[in-house]
Undergrad: 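Questions regarding the structure given below will be posed in turn.
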Amino acid sequence: MDKINTSDIDKKWQSFWAQRKNKFKHTDKEKKFYCLEMFPYPSGKIHMGHVRNYAIGDVLARYKMINGFNVLHPMGWDAFGLPAENAAKENNLNPKDWTKKNISTMKHQLQLLGLSIDWDLEISTCDEDYYKHQQELFIDFYNKGLVVRKETYVNWDPVEKTVLANEQVIDGKGWRSNAVVERKKLFQWFFNISKFSDELLEDLSSLKEWPERVKLMQKNWIGKSVGCEIDFKIYKNDKSVKVFTTRPDTIFGATFLALSVDHPLCKDYLTRSDFIDFKKKCSQVGTTEEAIANAEKIGFKTDLEAEHPFIKGKKIPIYVSNFILMDYGTGAIFGCPAHDQRDLDFATKYKIEVIQVVKPKNTNNEKIHNGAFTGEGSIINSDFLNNLTISEAKEKIVKEIEKKKIGKKKITYRLKDWGVSRQRYWGCPIPMIYLKNGKVIPVDKSELPIRLPDDIDINSKGNPLDNHPTWKKTRYKKTGEKATRETDTLDTFVDSSWYFLRFCSPKLKSKPFDEEAFKYWMPVDQYIGGIEHAILHLLYSRFFMRAIKFCKKDIKIKEPFKGLFTQGMVCHETYKSEKGKWLSPDQVENTKLGMRSKIDGSKIKVGPSEAMSKSKKNIVDPESMIKIFGADAVRWFILSDSPPERDVQWSTAGVSASHKFIQRIWSLNQKVLNRKQGEISSADEKKLQLKFNEYIFKITDLIENFQLNVAVAKIYEITSLMETNLEKKIQNENLIILQNKFMKILLPFAPHLSCECLSKLEGKNFYEEIQWPKADKSLLGKQEVTLVVQINGKKRALIVTKKDLSEKDVLAEAKKIENIQKNLKGKKIIKNIFVKNKIINLIIN
RNA sequence: GCCCUCGUGGUGAAAUGGUAGACACAAAGGACUUAAAAUCCUUGCCCGUAUGGGAGUGACAGUUCGAGUCUGUCCGAGGGCACCA
């Protein structure tokens, strides 16, 4: 019996497929399938997360191919981004060179996996050919009013004189400089995504093939809230404050107003030193929602008071506070401490009155104790709102507010405009110029692309583009007057918001995409990627599709991704030495004394399995795994144990077992071919045929539903079935036919092995003719069935019998069973529950 | 803080409301072998030699002839929160 040489057959078939472009004789142009996995960031080497993502996608792409679909299965590189700049700074090289090198390494590694990717379609977002079109789209958006310029906060490192990403802020300090990070206001470019807030929310319901939880996350992100705006008059002053609230029903519990630091009313205090100090304190809190939510609530008491709109003569103090955001609602709230935890925290600290206005449902307790009460209940202490439910009170108070003309019902979205300016070098330059007269205008399209210069000083403080001696100096094409380029570059999320369109016609020079190719391929039928992109990338892509539709008349599609699948992460145990240093899996070994370090034999603490990460060193390199076990074994293992949407735990034992399985199939294939013909029995033949047919049906269904781990389990079962039947009375030819079908079923999962086995069975290289076997539906369920006999809901016996037996017959059969007779002795059957081919449940007294 | 997801053997897991633990990893025992590797078989909580019986899907209730699955409350773990991609 031959041993399989995985590296030989991997090489053989990878070059075979590449030459034939994965085309099949029976491909039907009328049936298209666009299979797309999220393209990788070229960070250096591929990791197991990539392997998982692309293995899942490849199963589907190959499955569709051999089912006759014309499949688009491209690959590219999300090549701009911060890590390139960081690496460049560390190693003193150009981000471009670093990125190109990584792309070539990773492309080679991906090819080792034997994916059915058409590499002719490869794109890279850092190529001029790509970002030129992105600049064109930016200008289109600008001309249609979808791009705006406004001021917003950033994390500012005062020592490096640069803007920091949230991840570069550690404990409120810059990661390189260790300087305390400040919030600083900058003018930046924004995409007007909030223009589509309602559409992006409403259209979620049309995405039938998206996971519910992703849709829910997007829904919450967009954060539509229905509430109302209320004007509070300021006492002894002609001004008023407009607040937004979703709980107008608690207006009688309002005991203070709180304004954002950036609220227009605060302008009057900007010269007061105590306010300046306060503002500075606020600016030391990070810009994330989490940081703001967890920060200690601090307030600045103004000398203003507001008049309560419904309680005559009641005055409530006005504070400025750090937990109110200017870019949500109106930048001002009324505080009702009894029914909002944040308000309560604030009120407790500043000794502000607390008035309960909602009595919890189903209790007699008038008073509430443990924190703010936010549940259902009835209104109290609220004049004309008393005894109403919360929703009734909301309706009534809004009517009153509108009647008094002091406010109106208002829908607010949490979704903010998308800030796309980055003060960095390694990104797509924003094609805008500044004229001397202060005007900001787009570059003439004929001047595109605006190229990134190569000769930059990556180590200079601040933005290298801004520091470049000549790059930003330009002229306005129309008038010839001197102008300055925008030195900000685009958020890399912009790059990935339309790459799936570029894949439809990746080589086209004249425009971002060809409309005909677009019409044929879009939308993406199946998009596959990590759950970490559930919100931003997917939302931005949905926005881009709408923005493009808004700019181009003949684009009809709104949703770019028809089907979405989010796969889980790849995890591995973590290892720590006694001194607390992380060790990688290949630095430890399992000995009789437990886990030990390979380096010095010291004891190792095994930690929980966590997502593979460089910082914890729990990384396994896919390339070395492929070298040892072969591409099929690596793919097989990553698909086998866990459901694709859940996290999977990598283990060397597991992948080694997968390799053994690859060998087992290889042996089976030889045994089938070399089998000596013995006796033949039609009963054995029929049994095998029926069972096999059932597996085809089941596995087809499982792949369509992404239950790839279960499909893998069924393939193990088919293997056992075939092995068992080698010993049974089956005609050789029939066994070979089934083995042939089996190998076609295996193809999407272990394509190298499958093709090699098929070629042995066919006696020649066999590929373009491969078709997915079809299950014969008329044969389904023709087998014997196993019925469960229960007594009072407890399993007492099994009956193996032919299909579709009547209740009467089953009952008669059941009564013949000794164990059932024993249990029925002296008892009376009150009734039976009978489910055909499943169960009979006898209810006795 | 807010939002989301997930809890089933030693482990990863399977199970249209109908046999809980398919399939695999690890472990123990056995077969083959001079030996090892490879391969194959058996076992898997409790009582019992066994036929069989009992407990059992994070906890507690509920719906049902029947609940891992549906409902409620609680407990625990993990993830996201707008400049990482």
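A, B, ... follow the sequence lines: proteins, then strands. Residue 1 opens every chain. Fair warning: this is a prediction, and the values are worked out from it, not measured in the lab.
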Undergrad: Would A:K150 pass as a cation-pi partner of A:F187, given that its NZ or CZ must be under 6.0 Å from the six-membered ring centre and within 45 degrees of the axis?
TA: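 Pair A:K150/A:F187 does not count as cation-pi.
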
Undergrad: Does A:Q218 make a side-chain donor-acceptor contact with the base of B:C4, cut-off 3.5 Å?
TA: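 No pair found.
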
Undergrad: Determine whether any donor atom in the side chain of A:R424 lies under 3.5 Å from an acceptor atom in the base of B:C83, or the reverse, and answer yes or no.
TA: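 Indeed there is one.
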
Undergrad: With sequence neighbours excluded, tell me which residues meet side-chain hydrogen bond (donor to acceptor under 3.5 Å, both in side chains) with A:E727.
TA: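 Once residues adjacent in sequence are excluded, A:E727 has no partner under the side-chain hydrogen bond (donor to acceptor under 3.5 Å, both in side chains) criterion.
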
Undergrad: Should A:Q707 be listed as having a side-chain N or O under 4.0 Å from OP1 or OP2 of B:A15?
TA: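 Checking A:Q707 against B:A15: at least one side-chain N or O falls below 4.0 Å of OP1 or OP2.
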
Undergrad: Can you tell which of B:U16, B:A13, B:C83 lies closest to the side chain of A:K838?
TA: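 Nearest listed nucleotide: B:U16.
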
Undergrad: Taking NZ, NE, NH1 and NH2 as the nitrogens, is one of them in A:E296 or A:K349 under 4.0 Å from a carboxylate oxygen of the other?
TA: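 Counted as a salt bridge, because a side-chain N and a carboxylate O are separated by less than 4.0 Å.
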
Undergrad: Which residue pairs pass the salt bridge (charged side-chain N to carboxylate O under 4.0 Å, His left out) test with at least one member in residues 489-500 of chain A, sequence neighbours excluded?
TA: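 Salt bridge (charged side-chain N to carboxylate O under 4.0 Å, His left out) check on residues 489-500 of chain A returns A:R422-A:D491.
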
Undergrad: Using a cut-off of 4.0 Å between protein heavy atoms and nucleotide atoms, how would you tag nucleotides 50-56 of chain B 5' to 3' with B, S and -?
TA: --SSSS-

Undergrad: Return whichever of A:M217 or A:V835 has its heavy-atom-nearest nucleotide of RNA chain B closer to the 5' end.
TA: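 It is A:M217, whose closest nucleotide lies nearer the 5' terminus.
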
Undergrad: What nucleotide among B:C40, B:C23, B:C83 has an atom nearest to a side-chain atom of A:R664?
TA: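 Nucleotide nearest to A:R664's side chain: B:C40.
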
Undergrad: Detail all sub-3.5 Å separations between protein N/O atoms and N/O atoms belonging to nucleotides 72-75 of chain B.
TA:
none

Undergrad: Considering heavy-atom distances to RNA chain B, does A:K698 or A:V788 have its closest nucleotide positioned more toward the 5' end?
TA: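 It is A:K698 whose nearest nucleotide is closer to the 5' end.
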
Undergrad: Between A:N709 and B:C23, is there a side-chain N or O to OP1/OP2 distance below 4.0 Å?
TA: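 No, no such contact exists.
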
Undergrad: Atom pairs under 3.5 Å, N or O on each side, protein against nucleotides 65-67 of chain B: can you list them with distances?
TA:
| unit_1 | atom_1 | unit_2 | atom_2 | d |
| --- | --- | --- | --- | --- |
| B:C65 | O2 | A:N841 | ND2 | 2.6 |

Undergrad: So what does A:P643 touch, heavy atoms closer than 4.0 Å: a base, only the sugar-phosphate, or nothing?
TA: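 Contact class for A:P643: sugar-phosphate only.
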
Undergrad: What is the separation between atom CZ on A:F661 and atom P on B:G12, rounded to the nearest whole Å?
TA: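 My rounded result for the distance is 22 Å.
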
Undergrad: Using a 4.0 Å heavy-atom cut-off, does A:R646 contact any base of the nucleic acid, only the sugar-phosphate backbone, or nothing at all?
TA: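 Sugar-phosphate contact only.
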
Undergrad: Select one nucleotide: of B:G12, B:A15, B:A82, the one nearest the side-chain heavy atoms of A:V710.
TA: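 The closest nucleotide is B:A15.
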
Undergrad: When all nucleic acid strands are considered with a 4.0 Å heavy-atom cut-off, which category describes A:W221: base, sugar-phosphate, or nothing?
TA: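 Result for A:W221 = base.
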
Undergrad: What interatomic distance, in whole Å, is found between C1' of B:A27 and the corresponding atom of B:G66?
TA: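 Going atom to atom, C1' in each nucleotide, I get 36 Å.
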
Undergrad: State, with a plain yes or no, whether a side-chain heavy atom of A:K219 is found less than 4.5 Å away from one of A:L204.
TA: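 Of all side-chain heavy-atom pairs linking A:L204 with A:K219, at least one is under 4.5 Å.
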
Undergrad: Closest to the A:L798 side chain: B:U19, B:U5, B:A85?
TA: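 So the nucleotide nearest the side chain must be B:U19.
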
Undergrad: Over how many whole Å does the gap from A:F637 atom CZ to B:A24 atom P extend?
TA: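 In whole Å, B:A24 P lies 14 Å from A:F637 CZ.
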
Undergrad: Taking the ring of A:F661 and the ring of A:W636, is the distance between their centroids below 6.0 Å?
TA: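 Distance test on ring centres: under 6.0 Å, yes.
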
Undergrad: Just how far, in rounded Å, is C1' of B:G1 from CD1 of A:I324?
TA: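 My rounded result for the distance is 14 Å.
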
Undergrad: Under 6.0 Å between the ring centres of A:W650 and A:F637?
TA: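 That pair passes the under 6.0 Å test.
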
Undergrad: Would you give a per-nucleotide map of nucleotides 25-32 of chain B, 5' to 3', where B means the base has a protein non-hydrogen atom under 4.0 Å away, S means only the sugar-phosphate does, and - means neither?
TA: SS------

Undergrad: Of the options B:A14, B:C83, B:A82, whose atoms approach the side-chain atoms of A:R422 most closely?
TA: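 The closest nucleotide is B:C83.
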
Undergrad: A:N837 has an atom CG; how far is it from atom P of B:U19, in whole Å?
TA: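 So the two atoms are 14 Å apart, to the nearest Å.
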
Undergrad: What's the CG-P distance between A:N220 and B:G1, to the nearest Å?
TA: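 The answer, rounded to whole Å, is 18 Å.
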
Undergrad: With a cut-off of less than 4.0 Å, is there a side-chain N or O of A:S640 near OP1 or OP2 of B:A24?
TA: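 Looking at the OP1 and OP2 atoms of B:A24, neither is under 4.0 Å from any side-chain N or O of A:S640.
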
Undergrad: Determine whether more than 12 heavy atoms belonging to other residues, nucleotides or ligands lie under 6.0 Å from atom NZ of A:K89.
TA: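 Correct, the count exceeds 12.
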
Undergrad: Would you indicate what A:S421 reaches in the nucleic acid, counting non-hydrogen atoms under 4.0 angstrom: base, sugar-phosphate, or nothing?
TA: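 Base contact.
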
Undergrad: Can you list the steps and then say if A:W77 with A:F39 is a ring-ring contact (aromatic ring centres under 6.0 Å, His included)?
TA: CA-CA 6 Å; A:W77 306 97; A:F39 66 164; 8.6 Å; no

